Amino acid sequence: MAKEVSNGDNNVTVKSPPEPSPLRKARFFKANMRILVTGGAGFIGSHLVDKLMENEKNEVIVVDNYFTGSKDNLKQWIGHPRFELIRHDVTETLLVEVDQIYHLACPASPIFYKYNPVKTIKTNVIGTLNMLGLAKRVGARILLTSTSEVYGDPLVHPQDESYWGNVNPIGVRSCYDEGKRVAETLMFDYHRQHGIEIRIARIFNTYGPRMNIDDGRVVSNFIAQAIRDEPLTVQLPGTQTRSFCYVSDMVDGLIRLMEGDNTGPINIGNPGEFTMLELAETVKEMINPDVKIVTVENTPDDPRQRKPVITKANELLGWEPKIKLKEGIPLMEEDFRRRLAIPRNN
Ligand SMILES: NC(=O)c1ccc[n+]([C@@H]2O[C@H](COP(=O)([O-])OP(=O)(O)OC[C@H]3O[C@@H](n4cnc5c(N)ncnc54)[C@H](O)[C@@H]3O)[C@@H](O)[C@H]2O)c1
Ligand SMILES: O=C(O)[C@H]1O[C@H](OP(=O)(O)OP(=O)(O)OC[C@H]2O[C@@H](n3ccc(=O)[nH]c3=O)[C@H](O)[C@@H]2O)[C@H](O)[C@@H](O)[C@@H]1O
């Protein structure tokens, strides 16, 4: 039977979702929402798992191939009766009985996703196909963590969800940004063709504790450099902008999106916009006023400006970010100092 659903802008007629697998009716499952988190050993995924595990009705299964994630991020849950961790690569098929799938698996830092671009695009395309196939088979709702990179080097500023983007299809970043664009297409095709319940979050630069120390992304680089007393490396020209969202705000937005009635795509990010030079100055002032700031070569196709319009998230999910950059940096500094074993001098 067909039904009307909304993506926030207009109503579309889609097939009804498939019935949940009969196994879901088994007594053991009744009390619980069983949730799969792909990429759950990574930075955002592990914070999401922490939040989902707070609800005693949730059972959480993480699958991860540990390319950029680590068991260490989940150590507090290993052995917990409502938690399971599976070493698995999403480019291979998987069958687990679940109600919801948060599909995060994909390297996110440019240095990692460019390391093996063919694998990155396989993860985005085949990995998402596999997870959609799973959602179809067991009748689960699936949320994709897409990215502001689908807007490419945007010619519209700030970016709202109606903007189609300015993406180089053959560049060194394409494995990631075109990969995510195909993943979004697959989500909508499964939704229209098979009635799968989908949710798409377009995440803007997110930071916080547990990022890999040598992850290569700008906030983690600057904080680690400031703590180690190494120069902060601003990639040229330094006037390029990003808008940084603290990870607890991001997790809150993702859960609201999953639980709500809108398919998305919905931007989730903090509209506070900074140039990379401003970010370096802020980190220097807050963590190590003696550290040097140097400029270094940039990489191809680096977006020149990025800032989310979050009206949709605000109106449809009742969401807005709470943590400002100057509040988030000290929380991340504390985590990095502990992991680097470099305490503050004063
Ligand atoms: N952090 C951000 O600023 C940001 C921005 C936009 C979108 N996102 C998206 O959010 C998700 C999580 O990002 P993150 O910052 O936590 O990155 P991350 O690298 O810390 O986490 C990604 C996780 O996916 C796992 N993974 C990678 N390929 C896999 C595969 N083939 N099979 C199974 N597991 C695999 C990694 O081991 C890791 O645990 C990604 O999909 C990313 O594209 C993140
Ligand atoms: O939010 C997003 O959608 C995307 O944002 C990031 O991609 P990017 O913005 O390129 O992230 P960074 O590598 O942190 O770079 C941000 C800016 O900082 C600059 N940078 C980076 C590192 C550094 O040491 N110095 C520096 O100036 C880069 O040139 C770039 O302009 C993430 O890594 C992607 O996973 C994510 O999908």
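Order of listing sets the numbers, starting from 1, for every ligand and every atom in it. Note that the structure is a prediction, hence the values are computed from the model and not measured.
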[X] touching ligand 1 at heavy-atom level, < 4.0 angstrom:
X	result
Met250	no
Lys180	yes
Gly127	no
Tyr207	no
Thr38	no
Glu149	no

Identify, by atom number and element, the atoms of ligand 2 in contact range of [X], meaning under 4.0 Å from any of its heavy atoms.
X	answer
Phe204	1 (O)
Ala108	32 (C), 33 (O), 34 (C), 35 (O)
Gly216	22 (C)

> For ligand 2, is Arg173 a contact, meaning one of its heavy atoms is under 4.0 Å away?
Replying inline: yes
| said: Quick check on Arg306 - does any of its heavy atoms sit under 4.0 Å from an atom of ligand 2? | reply: yes
Within the 4.0 Å heavy-atom cut-off, what Ser146 brings close to ligand 1 is backbone
| message | Strictly below 4.0 Å, N to O, side chains only: are Glu334 and Arg337 in salt-bridge contact? | response | no
**Message:** Does either side chain, that of Ser148 or that of Arg306, offer a donor lying less than 3.5 Å from an acceptor on the other one?
**Reply:** yes
